Amino acid sequence: MENQTTSYTLVLSGLSDLPSLQLPLFLVFLLVYLMTLTGNLLIVLLICTDSHLQTPMYFFLGTLACLDMGFTSVTIPRMLFDFHTQKRLISIQACITQIYFILLFAASELSLLAVMSYDRYVAICRPLHYTQIMHWKTCVLLVLGLLIFSMLYPLVHVLLLLKLTFCRLNPLQSFFCDLPQLLLVSCSDTFINVFLSLFLAILFGGGIFALTFCPYIIILNTIMKMQSKAMRSKAFSTCSSHLAAVFIFYGTLFFSYFHPNAKTNSAVDKVVSVFYTILTPLVNPLIYSLRNKIMKISLKRAVSVKRPEPNFQNRNGSSGPVF
């Protein structure tokens, strides 16, 4: 069949069809977008400028902040444009491009959350070997590896999408180009696309899911064996921040694509999609900063240069891994 992907445009249903809601929604999501960029950019700047935050844990946190800014920038600017024009038309090429970057940032965040779980495992379960295992070369290679994987993974879907022909009979029941929604409006046979999507989701998604949660079985066992309440409190505090981010992202992602009425309850799907594509990048800086004393002290030091710098070293004078 002749490739006609450059000859058609698609319609996004958006969050609401009511004209009276377009301006309020535009202002709300513009504010959310600016808050997301500000919060994540602030974390990146603090980590880059404060020597106390230049450790593997905060290196991964800074990477997560960069991914959150990219993730939200793939969806919100397009949504704001649709609120402004009220047309919600998008070309096939632009739609496939958006799908590529959504899959890229989603895979990057999931992989990074798994790497951060491993970092917490080494810091809590093998603290004496932390600096040898999580040295800077290892951290950089881990991030480069997950980014290369995340850039290659969406290419498989994109190459298959380019061979499909699409119809304008039904709008995409979303405010962004979602892969399952795009396949529903295709005139071509999408069996290979659906099969490959499920296969790769089980293969890579299941593997990343296991790498994210399995270390916490060992971590929790190690924490329960700690005799010091202060050490248990520090370990639980760090783990709770990371687990909160993991559960929010995984929970909304699984509910959006695997709940029983995923194909019929479009209103619920839109709300859940807002959570994992827009609100998760917004709350991640709050989760990691409000529960982290070192981040709060660093922020206070940044806004008050005259305040003396606190000493983050342990009583014995060594720094050690940051819990």
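From a predicted model like this one, the values you see are computed outputs, not experimental measurements.
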Can you check whether [Y]'s main-chain N or O pairs, donor with acceptor, with [X]'s side chain at less than 3.5 Å?
{"X": "Gln54", "Y": "Phe59", "answer": "no"}
{"X": "Thr36", "Y": "Val32", "answer": "yes"}
{"X": "Thr72", "Y": "Asp68", "answer": "no"}
{"X": "Thr280", "Y": "Phe275", "answer": "yes"}
{"X": "Thr97", "Y": "Gln93", "answer": "yes"}
{"X": "Ser117", "Y": "Leu113", "answer": "yes"}
{"X": "Asp178", "Y": "Pro180", "answer": "no"}
{"X": "Ser188", "Y": "Leu164", "answer": "no"}

Minimum heavy-atom separation for [X] and [Y], please, with both atom names.
{"X": "Leu282", "Y": "Met35", "answer": "CD1-CB, 3.8 Å"}
{"X": "Thr49", "Y": "Leu45", "answer": "OG1-O, 2.7 Å"}
{"X": "Tyr100", "Y": "Pro154", "answer": "CD1-CB, 3.3 Å"}
{"X": "Leu25", "Y": "Ser16", "answer": "CD1-CB, 4.1 Å"}
{"X": "Cys95", "Y": "Leu172", "answer": "SG-CD2, 4.3 Å"}

Determine whether [X] and [Y] make a side-chain contact, defined as any pair of heavy atoms from C-beta on separated by less than 4.5 Å.
{"X": "Tyr33", "Y": "Leu37", "result": "yes"}
{"X": "Gln173", "Y": "Pro171", "result": "yes"}
{"X": "Leu64", "Y": "Glu109", "result": "yes"}
{"X": "Ser174", "Y": "Leu12", "result": "no"}

**Item:** Reported CG-to-CG distance for the pair Leu46 and Leu53, which is rounded to 0.5 angstrom
**Value:** 6.5 Å
Atom [atom1] of [X] with >12 non-hydrogen neighbours under 6.0 angstrom:
{"X": "Phe101", "atom1": "CZ", "result": "no"}
{"X": "His129", "atom1": "NE2", "result": "no"}
{"X": "Leu41", "atom1": "CG", "result": "yes"}

**Request:** For ring-ring contact (aromatic ring centres under 6.0 Å, His included), just list the numbers for Phe213 and Tyr250, CA-CA rounded to whole Å, side-chain angles, deciding distance to a tenth of an Å, and then say yes or no.
**Result:** CA-CA 11 Å; Phe213 285 95; Tyr250 270 100; 5.8 Å; yes
**Asked** Can Leu112 and Leu146 be said to form a side chain to side chain contact (heavy atoms under 4.5 Å, CB included), step by step?
**Response** CA-CA 7 Å; Leu112 184 61; Leu146 70 88; 4.0 Å; yes
**Prompt:** What is the ring orientation for His84 with Phe26, classed by angle as parallel under 30°, tilted 30 to 60°, or perpendicular over 60°?
**Reply:** tilted
**Complete:** In Gln181, Arg88, Lys270, the residue satisfying side chain to side chain donor-acceptor pair (under 3.5 Å) with Ser13 is Lys270
